Amino acid sequence: MTDTVTHPPRTALTAWRTPVWIADFDGTEEINTTLRELILQAEKADPDAALFGGIDAIKSSQDILHWRHPAIDWFKSRILDAVHALTADILGEAAKEVTQGIKAEAWAVVYRSGGSLRPHTHHDSAWSGVYYVSAPSGDDGREAGYLQLLDPRPAAVARQVSQGVVRVQPFPGRMVAFPGWLPHSVSATATGDDLRICVAWNVAYDNAWGGMR
């Protein structure tokens, strides 16, 4: 009698992959116009508005999720869309068993001529994202103002087995979401371009669910 040795099929295991969610929402012209006006008005009155981590990038309106306005309610719903999509991508069917609530925060960022943001992470959050309210139209090949997602594996970069930087063009009505630990930066806005305005956000999970706040 001969023993039969069976071999499992060869499979490629993808470990610790990084989900990135990009959505372009239709019909956002009126909402973006409203958000732009609200943000620029709030920036003038915000005593804490200041440069942060970059050049000519003003962070302000850090209480934006508490504003009572239909445009903010719409924006909150888009954050939930991103969180649900990313969680489902990672956990699959098990995502339905996640019963923890989320805590969310958001703030406005206004980039003026030459404005940029150095590489950084949002290490205290599970998910982070950005929604573009306004951005200069067109792309002249300089990738001005692009969101740059950086490979989080330094060793892979050093050994040239990385695809390198993933660049996402800013576009009004576009939301990009990713894990908070993913390093990212923003390339400089072209000199003389119009304002580039976005709303950045973080989400963390909370055992004491009290709704988005």
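Not measured: the values here are computed from a predicted model.
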Do [X] and [Y] make a side-chain contact, defined as non-hydrogen atoms from C-beta onward lying under 4.5 Å apart?
X    : Y    : answer
H123 : W181 : no
P19  : P179 : yes
L182 : T121 : no
V168 : Y146 : no
H84  : L80  : yes
W107 : I39  : no
E43  : D46  : no
V186 : Q148 : no

Query - Criterion side chain to side chain contact (heavy atoms under 4.5 Å, CB included) on Q169 and L147, from CA distance to verdict - result: CA-CA 6 Å; Q169 182 178 3; L147 174 66; over 6 Å; no

Just how far is it from atom [atom1] of [X] to atom [atom2] of [Y], taken to the nearest 0.5 Å?
X    : Y    : atom1 : atom2 : value
T28  : R174 : OG1   : CZ    : 11.5 Å
L150 : R153 : CG    : CZ    : 12.5 Å
R78  : M175 : CZ    : CE    : 8.0 Å
D73  : H69  : CG    : NE2   : 9.5 Å
I58  : I197 : CD1   : CD1   : 12.0 Å
W127 : L86  : CH2   : CG    : 4.5 Å

Query raised in the report: Ring centres of Y131 and W74 under 6.0 Å apart?
Result: yes

Report task. Please check if V130 and V165 belong to a single hydrophobic cluster, counting links between Ile, Leu, Val, Met, Phe, Trp and Tyr side chain heavy atoms closer than 4.5 Å. Result -> no

Query raised in the report: Is there a path from V166 to V20 through hydrophobic residues (I, L, V, M, F, W, Y) whose side chains come within less than 4.5 Å of each other?
Result: yes

Query raised in the report: Yes or no on side chain to side chain contact (heavy atoms under 4.5 Å, CB included) for W67 and S61, after CA distance, side-chain angles and deciding distance?
Result: CA-CA 10 Å; W67 295 354; S61 312; 3.5 Å; yes

State, to 0.1 Å, how close [X] and [Y] come at their nearest heavy-atom pair, and which atoms those are.
X    : Y    : result
S134 : P172 : CA-CG, 4.1 Å
Q62  : D48  : NE2-CB, 4.5 Å
S60  : A49  : CB-CB, 3.6 Å
G180 : S128 : CA-OG, 3.5 Å
F178 : G129 : CE2-CA, 4.4 Å

Report summary line: The single option from I64, V199, I31 that satisfies side-chain contact (heavy atoms from CB on, under 4.5 Å) with I72 is I64

Query raised in the report: Among V203, N202, D63, which residue meets the side-chain contact (heavy atoms from CB on, under 4.5 Å) test with E105?
Result: N202

Query raised in the report: CZ of F171: more than 12 outside heavy atoms within 6.0 angstrom?
Result: no

Does the [X] side chain pair with the main chain of [Y], one donor and one acceptor, at a distance under 3.5 Å?
X    : Y    : value
D89  : A85  : no
H120 : H184 : yes
S125 : H122 : yes
K76  : L65  : yes
S187 : G145 : yes

Query raised in the report: Would Y205 and T87 count as having a side-chain donor-acceptor pair, cut-off 3.5 Å?
Result: yes

Query raised in the report: Are R196 and Y132 in a cation-pi setup, meaning NZ or CZ lies under 6.0 angstrom from the ring centre and within 45 degrees of the ring axis?
Result: no

